[in-house]
J.: 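Before I ask anything, let me first share the structure, which is written out below as structure tokens.
All values below were derived from every heavy atom in this structure, side-chain atoms included, with hydrogens, water molecules and symmetry-related copies excluded. We count ligands from 1, going down the list as the structure has it; atoms in each ligand are counted the same way.
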Amino acid sequence: MELHSNPAPTLRSNGVPIASSPDLFGPLVPSTDHLADPAALRRRLRADGYVYLPGILDRAEVLRLRGAYFSLFPAGYLADGTRPEDGVFSGSVPDGLPEYGVAGHPAHAFVRSAAFRRFLDDPLLTGLAETLLGGGAEMLPRRILRHFHRGTGRASRAHVDLDYMDAVAAPPRVLTMWIPVGDCPRRTGSLVYLEGSHTLAPEEYAPLRDTTDRPGDRRPISHDLELTARHLGRRWLWTDFAAGDLMVHVPQIIHASLDTMTTTMRLSADVRFLRSGDTPDPRWLRPWSADDGA
Ligand SMILES: O=C(O)CCC(=O)C(=O)O
């Protein structure tokens with residue numbers, strides 16, 4: 001049974017607990033009211049490092065995409081009596097399913113599929129990127145599908161996107177859009193943003209990289225979200241995301257995700273937009289594969 005009635009449940013990220021307390025978590029602020037005012041939207045992006053747009057996408061279409069993806073899995077992966085669109089994990093991974101996101105795994109095929117391409121070709125996404133970047137914008141071909149199920153103790157470590165891309169311009173004219181493909185409250189593994197962290201100098205969070213569960217990879221800032229929040233004196237901003245919501249963030253903001261603790265699986269897409277004419281990091285010109293090293 002899931003502990004929805006607990007007022008302050010302990011959450012986890014990469015298996016490390018973080019208390020759901022007001023000194024560690026605060027609310028993401030929606031920007032929907034500014035949609036008709038490009039200058040105000042850009043101000044919000046600059047001030048907060050993110051723009052949160054609940055319900056801007058067609059919920060039914062997002063759920064269709066979720067169903068199309070989960071229908072690619074072999075029998076036994078989804079819980080009996082549930083629909084692919086529900087994305088409910090049975091608790092066991094069928095023998096022979098390749099590692100997540102590598103050739104042969106459904107996520108690898110799905111990011112190359114017409115359904116995924118059609119979904120991301122939505123002019124609303126490019127239009128929003130152009131508004132926020134203040135000119136022409138191109139979606140980079142490396143488009144990531146992130147899928148987590150309960151029990152792995154795996155999530156995205158605290159990081160900034162700039163550390164995963166060669167700088168393209170100074171200041172870099174790149175934005176990320178994060179799209180939950182299904183409802184995604186914290187316990188399902190939502191994305192969280194460290195408040196105002198896009199204004200920090202990298203030297204301020206550099207010491208956190210020394211306490212790592214991934215020696216040899218200097219890109220993640222930390223797998224310990226409570227340590228990160230306390231060290232930098234900032235809260236993790238969160239919301240209970242729903243299918244149809246959209247996040248846009250700047251490449252300097254620290255963000256991470258929580259562990260999936262529900263049987264409902266976490267599915268999301270993240271894509272990057274670059275100002276037209278800027279030179280892209282060549283690694284982002286190829287379709288994503290979980291083992292592409294980028
Ligand atoms: O979905 C995640 O867990 C991480 C996503 C992310 O880092 C991004 O969208 O930039």
J.: For the residue pair Tyr193 and His198, is the inter-centroid distance of their aromatic rings smaller than 6.0 Å?
T.: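 Ring-ring flag for Tyr193/His198: false, centres at least 6.0 Å apart.
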
J.: Pick from Leu175, Val248, Leu28, Val250: which one makes a side-chain contact (heavy atoms from CB on, under 4.5 Å) with Tyr50?
T.: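 Result: among Leu175, Val248, Leu28, Val250, Leu28 is the only option passing the side-chain contact (heavy atoms from CB on, under 4.5 Å) with Tyr50.
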
J.: To the nearest 0.5 Å, tell me how far Met247 CE sits from Leu191 CG.
T.: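 Met247 atom CE to Leu191 atom CG measures 7.0 Å (nearest 0.5 Å).
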
J.: Using a 4.0 Å cut-off on heavy atoms, what residues surround ligand 1? Order them by chain and number.
T.: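 Protein residues near ligand 1 are Arg146, Ser156, His159, Asp161, Thr176, Trp178, Leu191, His249, His255, Ser257, Arg266, Ser268, Asp270, Arg272.
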
J.: Under the side-chain contact (heavy atoms from CB on, under 4.5 Å) test against Phe273, which residue among Glu130, Glu138, Met177, Arg173 passes?
T.: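 The residue from Glu130, Glu138, Met177, Arg173 that satisfies side-chain contact (heavy atoms from CB on, under 4.5 Å) with Phe273 turns out to be Met177.
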
J.: Only one of Thr262, Thr264, Thr263 clears side chain to side chain donor-acceptor pair (under 3.5 Å) with Thr188; which?
T.: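 When Thr262, Thr264, Thr263 are each tested with Thr188, the side chain to side chain donor-acceptor pair (under 3.5 Å) holds only for Thr262.
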
J.: Treating Arg44 as the side-chain partner and Val51 as the backbone partner, does any N or O pair qualify as donor plus acceptor under 3.5 Å?
T.: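 No, because the side chain of Arg44 does not come within donor-acceptor range (under 3.5 Å) of the backbone of Val51.
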
